[in-house]
Amino acid sequence: MSKKPTRAPVGANDRVRLEIEFDKAQLLGPLFGQYDTNLIALEGQLGVYISARGNKVQVEGEADAAARARDVLTTLYNRLAHGGTVDTADVAGAVAIAADPRLDGLVTPDQGLAGTAAIRTRRKTIVARSPTQVRYIEALARESIIFALGPAGTGKTYLAVAQAVSQLIAGSVDRLILSRPAVEAGERLGFLPGDMKEKVDPYLRPLYDALYDMLPAEQVERRLASGEIEIAPLAFMRGRTLANAFIILDEAQNTTPLQMKMFLTRFGERSRMVVCGDPNQVDLPNPGMSGLADAVKRLDGVEGIATLRFSSREVVRHPIVGRIVDAYEGPPQDA
């Protein structure tokens with residue numbers, strides 16, 4: 001693939017026209033999207049004009065915007081060349097990543113999947129879709145304990161499970177332990193039907209869903225039966241030392257400070273721990289007593305512990321989810 005920048009016609013002020021020549025014409029269909037939806041999304045987000053003829057694509061617009069559009073197209077093309085997929089959400093994510101100066105050196109368009117930060121599992125390769133996801137994936141591979149804070153839909157738990165599965169497959173850890181506090185607004189476990197497993201499974205279902213996305217179903221079942229993967233409510237962690245394990249605590253905003261201290265002190269040799277939660281979605285009777293907020297404050301600056309904060313702008317579900325989060329976190333509207 002070659003890139004041929006040329007100046008736009010005289011009188012175009014500081015506009016430029018950049019030409020990109022792609023080697024594999026068969027990848028241009030998925031790169032452009034059905035009815036060119038990906039190109040239309042890119043044009044709308046960056047204010048550029050994109051045209052294609054054969055295997056050559058021209059991008060015209062303000063110099064900075066055109067360069068960013070070129071980098072985004074190059075990144076997405078290389079993702080396809082490495083077996084990945086591309087949709088409009090990937091376009092939005094790539095635009096945000098290309099615009100973040102803090103990611104210089106971490107993200108390079110010509111490296112394909114590696115260039116946008118990725119986690120490989122048996123069933124799929126998960127690629128970063130926001131600037132914070134890039135830094136999160138880097139932290140997951142480096143830090144001992146990570147706090148991931150932010151609204152639903154930003155990929156906090158999903159990426160943590162992906163990294164845990166990747167390390168379990170590689171043999172870096174012997175066990176994967178997933179936990180959540182069994183707290184839910186309006187119901188108590190004692191009033192739910194069934195035995196203890198049947199009572200707590202609904203609270204843990206999002207963790208099961210993520211696992212089945214990363215591993216074939218038969219492997220999930222086999223590893224659950226052997227104990228390589230354990231999914232349990234937070235109360236079951238008491239009194240244990242978790243060595244050679246990747247441990248994830250989800251919905252951590254619903255822990256008390258004592259529960260959080262108990263969980264964090266389970267950390268053992270050759271382990272890694274990720275604590276995920278949304279400080280604005282506390283279901284405790286006293287929201288001010290959340291163990292997540294308390295721990296983040298106490299452990300700020302402690303060596304080996306990293307904190308990543310996601311915003312509503314980085315929700316990677318449908319864009320309307322981010323707008324809903326903003327509406328609920330802002331001041332209430334008059335009736």
Side-chain angles (χ1 to χ4, degrees), residues 78-79 82-85 106-107 111-129 132-148 155-180 201 204-234 236-250 252 262-276 302-308:
N78 282 303
R79 186 180 304 179
H82 285 76
T85 59
L106 289 180
V107 178
Q111 290 182 329
L113 288 172
T116 47
I119 301 172
R120 292 162 179 80
T121 67
R122 286 282 164 81
R123 292 196 65 180
K124 60 167 63 176
T125 296
I126 297 92
V127 178
R129 283 188 166 187
T132 306
Q133 282 195 2
V134 174
R135 296 192 294 276
Y136 187 32
I137 289 174
E138 292 293 315
L140 286 169
R142 183 181 65 247
E143 304 292 349
S144 298
I145 298 176
I146 299 168
F147 289 93
K156 306 182 302 296
T157 304
Y158 193 78
L159 288 174
V161 173
Q163 179 68 17
V165 168
S166 178
Q167 290 199 211
L168 183 64
I169 293 170
S172 303
V173 296
D174 297 333
R175 292 183 296 163
L176 167 53
I177 300 171
L178 309 174
S179 184
R180 295 181 94 184
D201 266 2
L204 305 173
R205 177 50 52 189
L207 300 177
Y208 284 103
D209 291 342
L211 275 176
Y212 283 108
D213 255 9
M214 313 297 171
L215 288 169
E218 64 275 9
Q219 286 200 29
V220 175
E221 300 300 334
R222 176 171 56 81
R223 292 175 188 270
L224 283 168
S226 69
E228 285 181 87
I229 299 176
E230 179 182 350
I231 302 179
L234 177 61
F236 287 24
M237 299 295 107
R238 194 173 298 278
R240 304 174 62 182
T241 298
L242 306 175
N244 300 306
F246 199 113
I247 312 130
I248 300 172
L249 176 62
D250 193 27
M262 178 274 291
F263 176 78
L264 293 173
T265 53
R266 302 307 93 200
F267 191 86
E269 294 290 333
R270 296 175 298 281
S271 288
R272 187 155 294 164
M273 183 176 283
V274 182
V275 179
C276 305
V302 174
E303 184 179 354
I305 298 178
T307 300
L308 280 296

Rounding to 0.5 Å, atoms CG (L249) and CZ (R180) come to a distance of 9.5 Å

Across all chains, not counting sequence neighbours, the ring-ring contact (aromatic ring centres under 6.0 Å, His included) partners of Y136 are F310

Rounding to 0.5 Å, atoms CD1 (I305) and CD1 (I145) come to a distance of 4.5 Å

message: What I'd like to find out is whether the side chain of R223 reaches to under 4.5 Å of the side chain of L215, using heavy atoms alone.
response: yes

Show, in sequence, the C-alpha distance, side-chain angles and deciding distance for R270 and D174, and conclude whether the side-chain contact (heavy atoms from CB on, under 4.5 Å) test is met.
CA-CA 10 Å; R270 296 175 298 281; D174 297 333; over 6 Å; no

Does any non-hydrogen side-chain atom of V220 lie less than 4.5 Å from one of L224? yes

Assess whether side-chain contact (heavy atoms from CB on, under 4.5 Å) is satisfied between F236 and I177, documenting all intermediate values.
CA-CA 11 Å; F236 287 24; I177 300 171; over 6 Å; no

Measuring only between side-chain heavy atoms, which start at C-beta, is I126 closer than 4.5 Å to M214?
yes

I'd like to know if the side chain of R240 reaches the main chain of R266, judged simply by a donor and an acceptor atom lying under 3.5 Å from each other, with no hydrogens or angles considered. no

Under 3.5 Å donor-acceptor, S271 side chain and L242 backbone: yes

* Asked: Quick one: do the R135 and T132 side chains pair a donor with an acceptor below 3.5 Å?
  -> yes

CZ (R272) and CG (L176) are apart, to the nearest 0.5 Å, by 13.0 Å

Rounding to 0.5 Å, atoms CD (Q133) and CG (L140) come to a distance of 10.5 Å

- prompt: In terms of heavy-atom contacts, does CD of E218 have more than 12 from other residues, nucleotides or ligands at under 6.0 Å?
  reply: yes

Worksheet item: Between E228 and Q219, is a side-chain contact (heavy atoms from CB on, under 4.5 Å) present by the stated rule, with each step listed?
Response: CA-CA 10 Å; E228 285 181 87; Q219 286 200 29; over 6 Å; no

Interatomic distance, CZ@F263 vs OG@S179, rounded to 0.5 Å, equals 6.0 Å

d(T307 OG1, E143 CD) to nearest 0.5 Å is 9.5 Å

When the side chains of residues 155-165 are checked against the rest of the protein, which donor-acceptor pairs come out under 3.5 Å, sequence neighbours left out?
{"unit_1": "K156", "atom_1": "NZ", "unit_2": "G150", "atom_2": "O", "d": "3.0"}
{"unit_1": "K156", "atom_1": "NZ", "unit_2": "P151", "atom_2": "O", "d": "3.0"}
{"unit_1": "T157", "atom_1": "OG1", "unit_2": "D250", "atom_2": "OD1", "d": "2.6"}
{"unit_1": "Y158", "atom_1": "OH", "unit_2": "K124", "atom_2": "NZ", "d": "3.2"}
{"unit_1": "Y158", "atom_1": "OH", "unit_2": "D213", "atom_2": "OD2", "d": "2.8"}
{"unit_1": "Q163", "atom_1": "NE2", "unit_2": "Q167", "atom_2": "OE1", "d": "3.1"}

Q.
Apply side-chain contact (heavy atoms from CB on, under 4.5 Å) to residues F246 and L168 and explain how you reach the verdict.
A. CA-CA 8 Å; F246 199 113; L168 183 64; over 6 Å; no

